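What follows is a single structure, written as C-alpha cells, with notes after it.
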Amino acid sequence: MLIDDIQQNFSSFSPGFWIFTGTVFKIDEQMKKIFHFASNEIELEDFLKSIDKKSADFMQAFFASSEINILNLKVKPIINTDSYLLIQGSVIERDSKGKALCCSGYCIELKTQFSVPRVLHSNELGEWDWNGISGECQFCDNYHHMLGYDPADNDFPKTFDEWVELVHPDDLDAVEFQRQSSMNPEFGDKFECSVRLRHKNGHYVWTIGKGFVAQRNHLGHAISLYGTNQSLEIIQKKYESALQKISMDSLTNTYTRDFFSKKWKDLQNSNNYPISFLYIDVCYLKMVNDTLGHDVGDEMILKSVKIIEQTIQMTKFIIRMGGDEFLVILPNCTSELASACINNLIKAKSRCEDHTIPTVFAMGKSLMTGKTSLKDTISAAEREMQKNKEYSRSEDRAVLLSYIESIKKKKIEYHDTRI
C-alpha cells in the first residue's frame with residue numbers, strides 16, 4: 001500500500017497530549033485548545049464533566065480500577081456536540097488496588113464519528129515503518145534524536161530484531177504482542193503500549209508506542225506496518241512550557257496574576273509570616289509611550305524590574321499586576337525590613353544616571369500578619385503608593401519630560417496629567 005493511499009484512509013492531525021497523575025490532568029496547549037479549557041491543569045472530576053456521560057463513566061472506571069491498561073475511546077464533548085474526539089493512552093503505573101497513578105496519551109478531533117486517525121507526520125513524534133517480510137525498519141530523524149543518535153549513525157537499529165535490543169527487558173511482553181499482531185489478524189490491526197527504550201547514553205526513555213498494520217498478505221501476515229513512539233519527556237516539556245506561558249509575563253519575566261492566585265495558597269503558611277507587600281507603579285508610562293513609542297516604554301519597565309530584582313536580595317515574588325503596576329511579595333519580612341527595601345530602591349534608581357530612560361516609579365508598603373485579609377493588605381500598599389505618587393508627581397514629570405525633550409531635541413507640550 002502506498003503512503004498516499006494510507007493518507008486517504010487515515011487522516012493526519014495535530015494531537016494534544018496529556019499526563020494523568022492520579023487526580024489531575026496536565027495538558028499541553030493543543031489539548032487545551034481542543035477542549036476549550038481555561039487551564040493546563042484539570043481535575044479529573046472537571047475533565048469527566050466535559051465529555052458525554054457514557055464515556056465519562058467508562059473513564060472513571062478505567063482510572064479507578066481496571067485490568068486493562070490501554071485506553072482507546074471516542075467521546076463526544078459537551079461544549080461542541082457536532083464533533084467527536086479520540087482519546088488514546090496507556091497506564092504506566094497502578095497501585096496495589098488497581099488505581100491508576102500515572103497515565104499518558106493524546107487526544108485529537110475526528111472529522112466524523114467513523115474517523116480512525118493516525119499520526120503519520122509530526123515533528124513532535126518519532127515515526128517508523130516496518131517491512132513485515134524482510135524485517136527492515138526505517139526511523140525518522142526525530143526518532144534518532146529522541147534516543148540520542150545522529151540520523152547518519154550506523155549503530156542505530158535497521159531491523160525489528162535490532163530494535164528489540166533497545167527495549168527494556170521488563171517491557172518485552174509489549175513487543176511480543178506487536179509481533180503476534182503482525183502475524184495473526186485475530187490480534188487486531190492496531191496496537192498501543194508503554195515501552196522503555198534505551199538511550200545512546202545508557203538510560204531508558206519512557207515512550208508510548210502506537211502502530212497499525214497497513215497491509216496483510218493472503219495468509220494474514222503483516223507486510224507493512226506504520227507507527228510512532230512518543231517520548232513522555234517531550235510531553236512533560238510541552239506541559240512545562242505551557243505552564244511557563246501562563247505563569248510568567250512574556251515581557252518582564254515576572255509572575256502573572258494567574259500565578260499569584262495559585263501561589264498565594266502555598267504562601268499562606270504560618271512559617272511565612274509576617275509577609276510584606278510592596279506596590280510599585282512605573283510613573284508616566286503613557287507619556288513615554290505616546291512621545292517615544294512603546295519600545296522605549298518597554299525599556300522603562302524592564303529597567304525598573306531589573307532594579308527591583310537586583311536591589312532586593314531576600315526571597316521575593318514579583319508579580320505584574322497590570323501594564324505599569326507590580327506587586328512584590330516578601331515572605332518572612334517585617335515592616336522595618338520592607339522600609340529598608342524601599343529606601344534601597346530609592347537609592348538604586350537615583351544612581352541610574354546613564355543615557356537610558358530614567359527610572360521613575362512610586363512605591364507603597366503594607367504588612368500582613370495573618371489577621372488581615374489579602375485584599376485589604378494589597379489595598380493598603382496601593383493607597384500608600386498613590387500618596388507617594390502624588391507627592392512626587394511634579395518632580396517625576398519634569399525628569400521624564402526633560403529626557404524626552406533631549407531625545408526629540410525640541411520642547412514638548414504634553415497635557416495628559418495621568419501618570
Side-chain angles (χ1 to χ4, degrees), residues 15 17-20 66-72 88-94 100-106 118-120 122-214 216 221-237:
F17 293 99
W18 55 268
I19 295 176
F20 178 67
S66 175
E67 295 181 357
I68 303 173
N69 287 325
I70 301 297
L71 180 65
N72 187 20
Q88 293 191 329
S90 303
V91 175
I92 299 172
E93 183 181 4
R94 291 187 184 273
L101 300 178
C102 185
C103 313
S104 185
Y106 66 79
R118 283 287 159 188
V119 176
L120 294 176
S122 173
N123 57 11
E124 300 167 344
L125 301 169
E127 302 165 13
W128 54 263
D129 66 76
W130 172 14
N131 186 316
I133 300 175
S134 66
E136 294 179 354
C137 290
Q138 291 185 337
F139 301 91
C140 72
D141 289 354
N142 288 331
Y143 204 112
H144 287 76
H145 294 315
M146 178 176 68
L147 299 180
Y149 289 84
D150 186 271
D153 199 327
N154 290 325
D155 292 338
F156 200 78
K158 296 178 177 59
T159 67
F160 179 78
D161 289 336
E162 290 177 357
W163 175 82
V164 172
E165 294 179 6
L166 297 181
V167 177
H168 192 285
D170 292 344
D171 298 335
L172 290 176
D173 56 339
V175 175
E176 184 58 28
F177 179 83
Q178 293 182 37
R179 197 189 302 272
Q180 293 294 332
S181 179
S182 70
M183 297 300 296
N184 190 343
E186 292 185 1
F187 280 80
D189 288 337
K190 295 177 287 186
F191 51 84
E192 180 175 355
C193 58
S194 294
V195 60
R196 284 163 286 184
L197 299 175
R198 189 174 67 249
H199 192 276
K200 188 174 183 179
N201 293 337
H203 69 280
Y204 283 90
V205 177
W206 272 105
T207 72
I208 293 179
K210 308 174 191 295
F212 65 95
V213 176
R216 294 183 184 273
H221 299 167
I223 59 176
S224 181
L225 302 93
Y226 294 88
T228 63
N229 280 85
Q230 167 71 50
S231 169
L232 296 188
E233 293 176 0
I234 296 176
I235 298 174
Q236 184 64 28
K237 287 177 181 177

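Note that the structure is predicted; figures quoted are calculated from it, not measured.
- By the 30° and 60° cut-offs, the orientation of the rings of Tyr143 relative to Phe139 is tilted.
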Stepwise, does the side chain to side chain contact (heavy atoms under 4.5 Å, CB included) test hold for Leu225 with Phe212?
-> CA-CA 6 Å; Leu225 302 93; Phe212 65 95; over 6 Å; no
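- For the residue pair Gln88 / Tyr106, a side-chain donor-acceptor distance below 3.5 Å is found, with atom types taken as modelled.
- Counting heavy atoms from C-beta on, the side chains of Asn229 and Val195 come closer than 4.5 Å.
- Salt-bridge annotation for Asp189 and Arg216: present, with a side-chain N of the basic residue lying under 4.0 Å from a carboxylate O of the acidic one.
- In this structure, the salt bridge (charged side-chain N to carboxylate O under 4.0 Å, His left out) partners of Arg196, at least two apart in sequence or on a different chain, are Asp171.
- Counted within 6.0 Å of CD on Glu162, heavy atoms from surrounding residues, nucleotides or ligands total more than 12; the atom is thus considered enclosed.
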Could you check Ser224 against Val213 for side chain to side chain contact (heavy atoms under 4.5 Å, CB included), going step by step and ending with a plain yes or no?
-> CA-CA 6 Å; Ser224 181; Val213 176; over 6 Å; no
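- Between Phe191 and Trp128, the ring-plane angle classifies as parallel under the 30° and 60° cut-offs.
- Among residues two or more places apart in sequence or in another chain, the salt bridge (charged side-chain N to carboxylate O under 4.0 Å, His left out) test is passed with Asp150 by none.
- Evaluation of the salt bridge (charged side-chain N to carboxylate O under 4.0 Å, His left out) test over residues 175-186, restricted to residues two or more places apart or in two chains, returns Asp161-Arg179, Glu176-Arg179.
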Verdict with reasoning, Phe20 to Leu101, per side chain to side chain contact (heavy atoms under 4.5 Å, CB included) | CA-CA 8 Å; Phe20 178 67; Leu101 300 178; over 6 Å; no
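- Ring-plane geometry between Phe177 and Phe187 is classed as perpendicular, the angle between the planes exceeding 60 degrees on a 0 to 90 degree scale with a lower cut at 30.
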